[in-house]
Amino acid sequence: MKHVTIIGAGLCGLVLARVLHLHGIPSRIFEAEASIDMRGQGGQLDIHAHNGQVALEAAGLLNEFKSIIHHGAAATRVLDPQGVVLFEEADDGMNTRPEVLRGDLRRMLIASLPEGTVNWGKKLAHIAKSGDGQHRLTFADGTHASADIVVGADGAWSRVRSLLSDARPEFAGMMFVETYLRDVDRLHPASAQAVGPGAMYALTPGKGIVAHREAGNVLHAYIQLVCDESWASQLDLNDPRSVSLVADHFKGWSPALTALITKSETTPVKRMIHRLPDRHRWTRVPGVTLLGDAAHLTPPGGEGANLAMLDGAELALAIATHPDDVEAAFARYEDDMFSRSEILARDAREVVDLCLGQRAPFGLIDFLSGATASGV
């Protein structure tokens, strides 16, 4: 079996490389970032028993995973704009959806790979098929590489996708603003009390404040707005006036909640939310496939990281089953992934509607109450 070349050292690319390694199949990863510590690694993820944990089991990392769980963080509460609790569910300790920091999970996966698997500082600038069945990779630093088997795990704005599909992400009609409060029990006690030990949702139609209590006495918040793309794209959150424009949407809300916007101890980060078509598919192209957001970008619906890791595990297992026929492996993987991702894309739309649609927050409360009653 020849090397599998993976573009992107996110969760899906790392799981792919790890499961391949367990089956004796070599891989290499080209990653745009200069190192694991180049930037913040994102917030907390709930890793689900039916997909994310399945992937980690295939990677032989469930025990290591248990050591990085933020116990108690699976608690959930929904508040009204004045901070009144409308719904609350404690962490039951069963670890069906345990919370972990994305950065901790990524470090665990990197540590599980042979040294040198990840080639840092290799941002893919261009990829093209050459006449000998190889793919020529050109990186932003001017270097080149060739590969016969290429997996695009390079996210929403994937360069590899261009070999398979003309689809481009489109604006999904919403923006998230990411903020952090630190040392919250001492410096921001009202906000800490409002958020509680796990996840907090304060939602009304078209806008909301969502926050997680993270390890290290940190509140990590996402301010969510349904908005016009041109308005959102013009916001420069390095400018306090732009932050004030976001905060203006929450006038009259509890100061314990609006502090999550106005008191951020890091520069707020704007996340323009994009999506690919729900039924994003392509005709089989020899030697190339996609994982995660490169294949099925959706608005945040609670399944993105889990689905991406499952993609990585299932592709690796398909390759291990067909080590001498990568086309059979890719076809098998894509058939399953296309069906699964189409369903979850529709589910993500429903989750967004529950959170920001006309019934917010009561649609979400009904959903959470049903999930609690059924044990989901």
State plainly whether the residues Arg346 and Glu350 are in salt-bridge range, i.e. N to O under 4.0 Å. no
Applying side-chain contact (heavy atoms from CB on, under 4.5 Å) to Val226 and not counting sequence neighbours gives Leu356
Has the side chain of Arg18 got a donor or acceptor atom that lies under 3.5 Å from a matching backbone atom of Ala59? yes
Atom NE2 in His70, atom CG in Leu101: separation rounded to 0.5 Å? 8.0 Å
Would you say the side chains of Arg275 and Thr298 form a donor-acceptor pair under 3.5 Å? no
So, do Leu14 and Val118 sit near enough that their side-chain heavy atoms are less than 4.5 Å apart? yes
With a 4.0 Å cut-off on N to O distance, would you call Arg213 and Asp185 a salt bridge? yes
Pair listing, salt bridge (charged side-chain N to carboxylate O under 4.0 Å, His left out) test, anchored in residues 113-127, at least two apart: Lys122-Asp141
Can you list every side-chain hydrogen bond (donor to acceptor under 3.5 Å, both in side chains) pair that touches residues 241-254, not counting sequence neighbours? Asp239-Arg241
When rounded to the nearest 0.5 angstrom, what distance separates CG in Leu257 from CE in Met200? 5.0 Å
CG of Leu109 to CD of Glu64, rounded to nearest 0.5 Å, is 10.0 Å
Under a 4.0 Å N-O cut-off, is there an ion pair linking Glu89 with Arg77? no
How long is the gap from CG on Leu225 to NZ on Lys207, to the nearest 0.5 Å? 8.0 Å
Cluster companions of Val269 among Ile, Leu, Val, Met, Phe, Trp, Tyr (side-chain spacing under 4.5 Å): none
Between Phe330 and Ile149, does a side chain to side chain contact (heavy atoms under 4.5 Å, CB included) hold up when you go through it step by step? CA-CA 10 Å; Phe330 280 10; Ile149 301 170; 3.7 Å; yes
Where does the angle between the aromatic ring planes of Tyr180 and His220 fall among parallel (under 30°), tilted (30 to 60°) and perpendicular (over 60°)? parallel
Taking side-chain contact (heavy atoms from CB on, under 4.5 Å) as the definition, give me every residue that meets it alongside Val54, ordered by chain and number, with sequence neighbours left out. Leu310
How about Glu88: does its CD atom have over 12 heavy atoms from other parts shown lying under 6.0 Å from it? yes
When you measure from the side chain of Gln53 to the backbone of Ile47, do you find a donor-acceptor pair of N or O atoms at a distance under 3.5 Å? yes
Hey, can you pull the donor-acceptor pairs under 3.5 Å for the side chains in residues 78-86, sequence neighbours left out?
residue : atom : partner : partner atom : Å
Asp80   : OD1  : Gln82   : N            : 2.9
Asp80   : OD1  : Gly83   : N            : 3.0
Asp80   : OD1  : Val84   : N            : 2.9
Gln82   : NE2  : Gly252  : O            : 2.8

